[in-house]
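The next block holds one structure in the form of structure tokens; read it before the comments.
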Protein chains: 2
Amino acid sequence: MAKRLKAAERRASILAVAKVLFADKGYHGVAVDEIASRLGVSPAVLYHHFPSKEALYGEVLDTLAAQRESYVDAALQSPDDFGSVLLRMTLVFASSVARDPDYLKMEMLSTLEGAQVARQFFESHWKSFSDYIEYSMRELSQQNAVSQINPRTAGLMFQGMVREALYAKCILHSSRYQSTHLPDLITQLVGLFLNAIQYKE
Amino acid sequence: MAKRLKAAERRASILAVAKVLFADKGYHGVAVDEIASRLGVSPAVLYHHFPSKEALYGEVLDTLAAQRESYVDAALQSPDDFGSVLLRMTLVFASSVARDPDYLKMEMLSTLEGAQVARQFFESHWKSFSDYIEYSMRELSQQNAVSQINPRTAGLMFQGMVREALYAKCILHSSRYQSTHLPDLITQLVGLFLNAIQYKE
DNA sequence: ATTAAGTTAATAAACGTTTACTTAGTTAAC
DNA sequence: GTTAACTAAGTAAACGTTTATTAACTTAAT
């Protein structure tokens, strides 16, 4: 018999294992039995804690959402110029993804797999980023601190390059970018982005 | 009984249907029966043309690879300055993705699902892009046409922003970018990128 | 002794795949 | 030109597995 855990602990352990498996192979790619056997537990145990596989999947998603740090707020607490704030919040975000890459992977997987729930979740994750960029750029363009550039397009660019970096480093572990560490890479990218929108402090 | 097709036609029709389904829900998300019923055909038919579900999946991937246009070659045929060539080839690439978005979606899905085959396939797809950028930037930096920027990082940035744009427009059909048409969006992004690397003609 | 936590064993449904059979088309002999 | 023989394309049903899920029973902790 497996070690006896209290309900809350068992619940948490199920969520933990489910997260890495779902992140690895997606919803359909993981069998309930596989989760159970990884826990050293019979599949029936899962049904003491979650009504169904789908519900478990949903809770994993929720857990991820809850763990997410509000990097925007954090970065805004000590006000600074646009470039510094952007760099700071991107670094916080990146390190949180690096600490728990399953986050990003599951996000992308569930969106692609077309879970209705996931899409909203997915978009909201990045939305605060794009919103901040859009908002700041509109403000800066009034002060003529950035040239006439579509803020929405700039937001897309930023989101794309950050996601690509995190994807390449944290999920694919691509050898192409092995030599540069994530914070350096992010710093370079943010620098490039500021060039792109022709931002001058 | 379903309409009788010649072997080659049937084969093609299976591949066509399989492509959109696999692109939609991933390998595990699609049942053989579902493919068959979409074709209005019994599942056994699939096994007259493909030895297994996995083999079918593999052939879909191959088909996609074959259809891919060699946008790099195309763009290089009429030589021009870096910015123009880059824009031209990106537009060709984007329109090929727009014409057949399943391409990109399946690419991403199969990489995330961890198909061994897919990863190589996936990387090679974008590699020619990054390679071109890296190569050109090294050349340009010798002529001091771009500032001292890590070409590899720039390649990552470019790849990320292009992928994000294609993903948002062609797969998610995100309402956020509804107002801008894909070619315009791409043109803006390439412009931003040239700013980023401080490229002057 | 009760209750919470876990097990074993079973379920029905869905899965990929195979088998045995039928029908439509094509070809060659008469 | 018919018709008989053969091939190609498709079907229906069942295979054995795996899947998610449930029920009835057992064990440990308070």
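Every chain is numbered from 1 and lettered A, B, ... according to where its sequence line falls, protein lines coming before strand lines. This is a predicted model, so every value here is computed, not measured.
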Residues in side-chain hydrogen bond (donor to acceptor under 3.5 Å, both in side chains) with [X], at least two apart?
{"X": "B/Ser179", "answer": "none"}
{"X": "B/Lys53", "answer": "none"}
{"X": "A/Ser130", "answer": "A/Gln159"}
{"X": "A/Glu134", "answer": "A/Arg138, A/Arg152, B/Arg176"}

Assign a letter to each nucleotide of nucleotides 14-21 of chain C from its 5' end: B, base within under 4.0 Å of a protein heavy atom; S, sugar-phosphate only; -, no contact.
-> -SSBBB--
[X] [atom1] to [N] [atom2], straight-line distance once rounded to whole Å:
{"X": "A/His49", "N": "C/dT7", "atom1": "NE2", "atom2": "P", "result": "10 Å"}
{"X": "A/Glu34", "N": "D/dT19", "atom1": "CD", "atom2": "C1'", "result": "12 Å"}
{"X": "B/Leu39", "N": "D/dG10", "atom1": "CG", "atom2": "P", "result": "10 Å"}
{"X": "A/Ile35", "N": "D/dA20", "atom1": "CD1", "atom2": "P", "result": "8 Å"}

Pairs where residues 31-49 of chain B contributes a residue and the test side-chain hydrogen bond (donor to acceptor under 3.5 Å, both in side chains) is met, not counting sequence neighbours =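 Passing the test, one end in residues 31-49 of chain B: B/Lys25-B/Glu34.
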Can you run through DNA chain D from 5' to 3' and write each base as (, ), [, ], | or . depending on how it pairs? Watson-Crick or G-U wobble, both distances under 3.5 Å.
-> ||||||||||||||.||||.||||||||||
For B/Arg10 and D/dA9, is the shortest distance between a side-chain N/O and OP1 or OP2 below 4.0 Å?
->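 B/Arg10 to D/dA9 OP1/OP2: no side-chain N or O under 4.0 Å.
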In chain order, what residues pass the side-chain contact (heavy atoms from CB on, under 4.5 Å) check against B/Glu9, with sequence neighbours excluded?
-> B/Leu5, B/Lys6
Output all residues satisfying side-chain contact (heavy atoms from CB on, under 4.5 Å) with B/Asp184, sequence neighbours left out; order by chain, then residue number.
->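 With neighbours one apart ignored, the set is B/Thr180, B/His181.
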Looking at every strand, decide which applies to A/Leu46 at a 4.0 Å heavy-atom threshold: base, sugar-phosphate, or nothing.
->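 No contact.
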Looking at A/Phe129 versus A/Phe93, is the centre-to-centre ring distance below 6.0 Å?
->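 Distance test on ring centres: under 6.0 Å, yes.
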